Undergrad: 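Structure in structure tokens, see below.
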2 protein chains.
Amino acid sequence: MPHNEPTIAEAIRASGRRLTIQRAKILEALHRLPGHSTAERIHAAVCEDDRDVEMALSTVYRNLDALAEMGLIAAFADGGVTTYEWAAAGHPHHHLQCDGCGHTKEVALESIAALSDEVERTYGFTIDLRHMAIRGTCAGCRKPADDGGAR
Amino acid sequence: MPHNEPTIAEAIRASGRRLTIQRAKILEALHRLPGHSTAERIHAAVCEDDRDVEMALSTVYRNLDALAEMGLIAAFADGGVTTYEWAAAGHPHHHLQCDGCGHTKEVALESIAALSDEVERTYGFTIDLRHMAIRGTCAGCRKPADDGGAR
DNA sequence: GTTCGTACCGCGAATATTAGCAATAGCGTG
DNA sequence: CACGCTATTGCTAATATTCGCGGTACGAAC
């Protein structure tokens, strides 16, 4: 990925931030690592990949937060641990997170648009679709007899 | 609240759990405290209210988790801190959480039904509406001139 | 009412993440 | 290319929450 960096650099610069070596490494690692990655995993990946760059774990956390805030990456809670993924992962997808087995499934939902529209119109609130994590119970974890009946 | 306890006790018993003094106190405190409460606040409330019951903070956390799991209370992340509220708080409401100011607004959304329906039909996944926290940016925090265009 | 199995409690240590501080290094300017 | 402003870094301490362990007590069965 030699020549798509400039765009990212501009985006970072545009938000009044700086493109530090650490930030670049983190982005790169996140771009390369498959699926969702934890802060610790990213830290390890960067340290393994490049030995001449010092990187504190807190720096990883801070950057992950900043990058998520500017929309370059997506963050969401995954059972006590926060995981991150490259935001430009092709198509927009949402997460169905099962409280039973803890598994997270990525799906594309049409109804989200209507929901986003309603919230926008009624409350002037703009939903961040990248952070849309839906919790509930998947088909496998729903016990046959157990009918929560919760609304 | 002298005589509505039996139902709750049954619900707790039904899930193979026991109605301990601590659990009851926590439920009671949560029922009485207005709005969302943190584990620490609940712990403080119980300790102030009753001096003859010892209660470790970890016990509060454990019970909060258990009670949320069985649907008696609702839990959701509120900026690094988890808050809880009585589940039978009248009407169903969802949370619009602003990433800018961190404020959480409680609203009723019609489109949620359609979303829930789609997810149920397409993936056999049952959304837990009580845990439905929607993140984004509220009208106040969306700067008029600053259009990041980072979408 | 006594007994018994086990869920639960309190305590303290572990884990994930955030915050504060002095030193460093982007990057726009002269 | 050196200079300066300040965002950022590494470090360490704090914070929120979870886990493991040995002792306790809930609740069901005698």
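Order of the sequence lines fixes the chain letters, A, B, ..., with proteins taken first and strands second; residue numbering starts at 1 for each chain. Note that the structure is a prediction, hence the values are computed from the model and not measured.
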Undergrad: Give the nucleotide from the list D/dC26, D/dA16, C/dC8 with an atom nearest to the side chain of B/Ile21.
TA: D/dC26
Undergrad: Answer yes when B/Glu28 and B/Arg23 have at least one side-chain N-carboxylate O distance shorter than 4.0 Å, and no when they do not.
TA: no
Undergrad: Is any side-chain N or O of B/Gln22 closer than 4.0 Å to OP1 or OP2 of D/dC26?
TA: no
Undergrad: Using atom CD1 of B/Ile12 as one end and atom P of C/dC8 as the other, report the distance to the nearest whole Å.
TA: 9 Å
Undergrad: How close or far is atom C1' of D/dA7 from atom CG of A/Leu67, stated in whole angstroms?
TA: 14 Å
Undergrad: What are the two closest heavy atoms between A/Tyr84 and A/Leu30, and how far apart are they?
TA: O-CD1, 3.9 Å
Undergrad: Does A/Leu109 offer a backbone N or O that forms a donor-acceptor pair with the side chain of B/Glu118 under 3.5 Å?
TA: no
Undergrad: For the helix from C/dG1-D/dC30 to C/dG30-D/dC1, what is the angle between the axes at its two ends, each from 5 pairs, rounded to 10°?
TA: 30°
Undergrad: Would you kindly give the CD-to-C1' distance between A/Glu40 and C/dA14, to the nearest whole Å?
TA: 13 Å
Undergrad: Starting from the 5' end of DNA chain D, give me the residue, A/Arg17 or B/Ala39, whose nearest nucleotide shows up first.
TA: A/Arg17
Undergrad: Please give me every residue in residues 55-63 of chain A whose heavy atoms get under 4.0 Å of an atom in DNA chain C, ordered by residue number.
TA: A/Ser58, A/Tyr61, A/Arg62
Undergrad: Looking for any heavy atom pair under 4.0 Å, which part of the strands does B/Thr38 touch: base, sugar-phosphate only, or nothing?
TA: nothing
Undergrad: Do B/Arg62 and B/Thr59 come close enough that some side-chain heavy atom pair is under 4.5 Å?
TA: yes
Undergrad: What nucleotide among D/dA16, C/dC9, C/dT17 has an atom nearest to a side-chain atom of B/Arg23?
TA: C/dC9
Undergrad: Ignoring hydrogens and angles, state whether a donor on the side chain of A/His31 or A/Glu85 is under 3.5 Å from an acceptor on the partner side chain.
TA: no
Undergrad: At less than 4.0 Å, is any side-chain N or O atom of B/Thr82 found next to OP1 or OP2 of D/dA16? Yes or no.
TA: no
Undergrad: Side-chain contact test, heavy atoms from C-beta onward, threshold under 4.5 Å: evaluate it for A/His94 versus A/Lys105 and give yes or no.
TA: no
Undergrad: Between the side chains of B/His43 and B/Glu48, is a donor N or O closer than 3.5 angstrom to an acceptor N or O?
TA: no
Undergrad: Between C/dA19 atom C1' and A/Asp65 atom CG, what is the distance in whole Å?
TA: 12 Å
Undergrad: Just call it for B/Arg18: base, sugar-phosphate, or nothing, with non-hydrogen atoms closer than 4.0 Å on any strand.
TA: base
Undergrad: When you get a sec, tell me which of D/dG27, C/dT17, C/dG10 is the closest nucleotide to the side chain of B/Leu19?
TA: D/dG27
Undergrad: Can you confirm whether more than 12 heavy atoms, excluding those of A/Leu57, are under 6.0 Å from its CG atom?
TA: yes
Undergrad: Quick one: do the B/Glu120 and B/Thr126 side chains pair a donor with an acceptor below 3.5 Å?
TA: yes
Undergrad: Is the closest side-chain donor-acceptor distance between A/Arg18 and A/Thr20 under 3.5 Å?
TA: no
Undergrad: A/Thr20 has a side chain; which of D/dT9, D/dT17, C/dC8 sits nearest to it?
TA: D/dT9
Undergrad: Whether B/Arg13 contacts D/dA28 is assessed here as follows: a side-chain N or O lying under 4.0 Å from the phosphate OP1 or OP2. Is that the case?
TA: yes
Undergrad: Let me know the distance between CZ of B/Arg41 and P of D/dT15, rounded to the nearest Å.
TA: 19 Å
Undergrad: Round to a whole Å and report the spacing from CD1 of B/Ile42 to P of D/dT17.
TA: 11 Å
